[in-house]
Amino acid sequence: MSSTTRRSFASRIACLFTGMGAASIIGGSAHAANKEKGSVRKLDYEGKPADSTALYSPLIVHNGVIYIAGQGAHSRNPQEQFSTDIEMHTTKVLDNVKTLVEAGGGTMDSILQLTVFLAKIEDYAEMNKVFKTYFPHGGPARTTVAVAALPGQSLVEINCTAAVVPK
């Protein structure tokens with residue numbers, strides 16, 4: 001049998017065992033643990049299961065990674081009025097990010113990547129002043145872009161990816 005034929009045969013056998021769920025036969029409880037690990041958990045701001053009818057989930061945890069949807073400075077309370085300076089907006093957004101990352105099992109230091117959307121690029125330096133207070137040990141990978149507008153007249157919006165921190 002040539003090496004090409006053996007490789008072909010081996011890959012067919014591997015597919016067969018995978019398709020038959022051989023891992024569950026061999027692994028037993030390990031398979032159950034991987035099934036839980038591989039599940040997608042959609043959570044709300046308190047870390048509880050998100051409303052299944054909601055348009056989007058603010059927080060998703062999958063395979064040890066936390067995904068945070070874009071967080072703006074607009075309030076979830078439509079009656080609340082707040083100032084329109086970039087420092088206040090950045091603080092509110094980063095507080096929301098912190099709440100969600102912690103609800104997902106991470107920390108600010110476990111944030112891997114952030115994408116920052118600014119309504120005005122002129123606010124970049126002021127946004128960075130606030131940003132530094134949330135990441136005193138150095139920040140994650142980050143991209144910052146200026147956009148034409150953000151929902152709810154927010155001056156900044158941030159989405160991010162973080163790692164779950166083992167307890």
Side-chain angles (χ1 to χ4, degrees), residues 10-78 80 89-119 127 130-167:
S11 67
R12 286 184 188 145
I13 291 294
C15 290
L16 176 66
F17 281 121
T18 302
M20 290 174 36
S24 64
I25 295 167
I26 297 166
S29 62
H31 178 65
N34 284 338
K35 188 173 181 182
E36 173 63 27
K37 182 182 175 190
S39 68
V40 174
R41 296 183 312 150
K42 297 178 180 184
L43 307 173
D44 65 13
Y45 283 87
E46 289 78 39
K48 297 176 183 166
D51 178 4
S52 62
T53 62
L55 184 59
Y56 75 97
S57 299
L59 164 63
I60 292 179
V61 180
H62 177 64
N63 284 339
V65 180
I66 302 164
Y67 301 90
I68 305 296
Q71 298 299 302
H74 51 284
S75 174
R76 290 189 296 275
N77 176 359
E80 182 181 350
H89 279 225
T90 304
T91 298
K92 184 164 184 56
V93 169
L94 286 170
D95 283 346
N96 286 347
V97 166
K98 182 177 184 203
T99 296
L100 289 167
V101 166
E102 290 174 352
T107 66
M108 291 300 277
D109 285 331
S110 76
I111 293 177
L112 305 170
Q113 188 274 334
L114 288 159
T115 303
V116 179
F117 302 92
L118 288 175
M127 179 271 303
V130 177
F131 195 92
K132 288 177 186 177
T133 66
Y134 284 83
F135 298 99
H137 304 110
R142 184 181 87 179
T143 300
T144 303
V145 296
V147 295
L150 292 165
Q153 298 179 351
S154 182
L155 299 176
V156 61
E157 183 170 313
I158 298 174
N159 65 27
C160 73
T161 306
V164 172
V165 177
K167 295 187 179 186

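- Residues Thr133 and Leu94 are not in side-chain contact: their nearest non-hydrogen atoms beyond the backbone lie 4.5 Å or more apart.
- Checking side-chain atoms of Ser110 against main-chain N and O of Ala163 turns up a donor-acceptor pair under 3.5 Å.
- Counting only N and O atoms by type, the side chains of Tyr67 and Asn159 include no donor and acceptor under 3.5 Å apart.
- Rounded to the nearest 0.5 angstrom, Met127 CE and His89 NE2 are separated by 14.0 Å.
- Annotation for Ala69 and Ser57: closest pair CB-O, 3.7 Å, computed over non-hydrogen atoms.
- Both tests pass for Arg142 against the ring of Phe131: distance under 6.0 Å to the centre and angle within 45° of the axis.
- The OH atom of Tyr134 sits 11.0 Å away from atom CD1 of Ile111, with the distance rounded to the nearest 0.5 Å.
- Of all heavy-atom pairs spanning Ala103 and Leu59, the tightest one is CB-CD2, 3.9 Å.
- Looking only at side-chain heavy atoms (C-beta outward), Glu157 and Val147 stay at 4.5 Å or farther from each other.
- One finds the CZ atom of Arg41 at 14.5 Å from the NZ atom of Lys48 (value rounded to the nearest 0.5 Å).
- Residues Ile158 and Phe117 are not in side-chain contact: their nearest non-hydrogen atoms beyond the backbone lie 4.5 Å or more apart.
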Start with the C-alpha distance between Asp51 and Asp44, add both sets of side-chain angles, then the distance that settles side-chain contact (heavy atoms from CB on, under 4.5 Å), and finish with yes or no. CA-CA 8 Å; Asp51 178 4; Asp44 65 13; over 6 Å; no
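- Residue Gln113 holds its CD atom at 5.5 Å from OG1 of Thr143, rounded to the nearest 0.5 Å.
- Nearest heavy atoms, Gln71 versus Val93: O-CG1, 3.2 Å.
- No side-chain donor-acceptor contact under 3.5 Å links Ser154 to the backbone of Pro151.
- Between Leu112 and Pro140, the closest side-chain pair of non-hydrogen atoms is not below 4.5 Å.
- Side-chain contact between Leu155 and Leu150: absent, with no pair of heavy atoms (C-beta onward) separated by less than 4.5 Å.
- Taken to the nearest 0.5 Å, the NZ atom of Lys98 stands 13.5 Å off from the CD1 atom of Ile68.
- Between Val101 and Cys160 the shortest heavy-atom distance is CG2-SG, 4.1 Å.
- With a 4.5 Å cut-off on side-chain heavy atoms, Val156 and Leu118 count as touching.
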